[in-house]
Every structure is written in structure tokens, then in C-alpha cells.
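For reference, positions follow the sequence shown, starting with 1. The shown structure was predicted, so the numbers you read here are calculated from the model rather than taken from an experiment.
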Amino acid sequence: MTWTARVNALNTKVLATFGESVTLTQGATSTSLTAVIRKAAEPLLIEGAVTFSEHHYLAHCRIADLATEPAMGDTLTAADGAVYSLDQPPSHEDGLYRLILRRTA
């Protein structure tokens with residue numbers, strides 16, 4: 001089994017265990033997937049300044065679950081109805097997108 005296949009299998013298990021069903025809306029396209037969403041508890045780079053912000057959330061989802069990379073302004077809707085907007089360009093971490101979000105509803 002390749003490194004990529006092992007990381008993908010591990011990410012799938014982690015998301016199945018700790019994640020929740022969400023819908024990512026990219027323009028006119030909506031995709032249902034599993035993501036882990038949590039309140040930011042680490043420093044974030046926002047507008048060129050390092051800050052801790054209680055208004056930001058982090059989400060992790062598998063890169064393989066999306067046809068195109070998320071972009072700023074895309075929305076993520078959680079199963080509980082919470083709506084988040086992608087506030088920064090996504091970063092990539094071992095087969096996952098790391099999304100910095102701002103809760104909008």
C-alpha cells in the first residue's frame with residue numbers, strides 16, 4: 001500500500017469517527033461530504049497579522065471528496081444548520097483541506 005493510500009484510509013477513518021455531514025457550496029455546485037469542524041484554538045494569520053480569534057472555525061475535509069479546490073466565499077453548512085463562509089484560501093495537509101471559516105448563521 002502506498003503512502004498516499006494509507007493517509008487516505010486514515011483520513012477516511014478519522015473523519016468517519018469525529019466528523020459530521022456537511023454541504024459545501026461552491027457557486028452553483030453543492031457537495032455533501034464529511035468534515036471535522038472546531039473552533040480555532042491556535043494562532044491564525046488574518047490580514048497579515050497573527051491573531052487568536054474566537055470568531056473563526058477550522059474545518060478539515062478530504063481533498064478527494066471535492067472536484068475543485070474551495071475558494072474564499074464558498075459556504076459550508078453543517079447538519080445542525082450552522083453556516084460558515086471560507087475566510088482564507090485553503091491549505092493542504094496530508095490529503096486534507098484545512099479551511100479557515102467564519103460563522104455567518
| said: side chain to side chain contact (heavy atoms under 4.5 Å, CB included), that's the test. Do Leu58 and Leu101 meet it? Break it down for me. | reply: CA-CA 6 Å; Leu58 298 175; Leu101 308 168; over 6 Å; no

| request: Step by step, work out the ring-ring contact (aromatic ring centres under 6.0 Å, His included) result for Tyr97 and His60. | output: CA-CA 6 Å; Tyr97 282 124; His60 287 89; over 10 Å; no

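Taking Arg98 as the reference, Glu42, Glu93 meet the salt bridge (charged side-chain N to carboxylate O under 4.0 Å, His left out) condition, with sequence neighbours excluded. Residues forming a side chain to side chain contact (heavy atoms under 4.5 Å, CB included) with Ala67 (at least two apart in sequence, or on another chain): none. Take Thr23 and apply the side-chain hydrogen bond (donor to acceptor under 3.5 Å, both in side chains) test, not counting sequence neighbours, and it matches no residue. Every residue two or more places apart in sequence or in another chain that forms a side chain to side chain contact (heavy atoms under 4.5 Å, CB included) with Thr104 is listed here: Val83, Ser85. A search for side chain to side chain contact (heavy atoms under 4.5 Å, CB included) contacts involving Thr34 returns Leu15, not counting sequence neighbours. By the side chain to side chain contact (heavy atoms under 4.5 Å, CB included) test, Thr68 pairs with Gln26, sequence neighbours left out.
Within the model, atoms CZ of Arg103 and CD1 of Ile37 stand 9.5 Å from one another, a figure rounded to the nearest 0.5 Å. For the atom pair CG (Leu76) and SG (Cys61), the distance works out to 7.5 Å, reported to the nearest 0.5 Å.
Between Leu24 and Ser30, every side-chain heavy-atom pair lies at or beyond the 4.5 Å cut-off. Between Thr31 and Leu66, the closest side-chain pair of non-hydrogen atoms falls below 4.5 Å. Looking at heavy atoms from C-beta onward, Leu96 lies out of side-chain contact with Ile63 at the 4.5 angstrom threshold. Counting only heavy atoms from C-beta outward, the side chains of Val22 and Ser32 never approach each other to under 4.5 Å.
Of all heavy-atom pairs spanning Ala79 and Glu20, the tightest one is N-OE1, 3.8 Å.
The salt bridge (charged side-chain N to carboxylate O under 4.0 Å, His left out) analysis of residues 65-82, with sequence neighbours excluded, yields the pairs Arg62-Asp65. Note on residues 65-89: pairs passing ring-ring contact (aromatic ring centres under 6.0 Å, His included), not counting sequence neighbours, are Tyr57-Tyr84.
Trp3 shares a hydrophobic cluster with Val7; the chain of contacts runs through ILVMFWY side chains whose heavy atoms sit under 4.5 Å apart.
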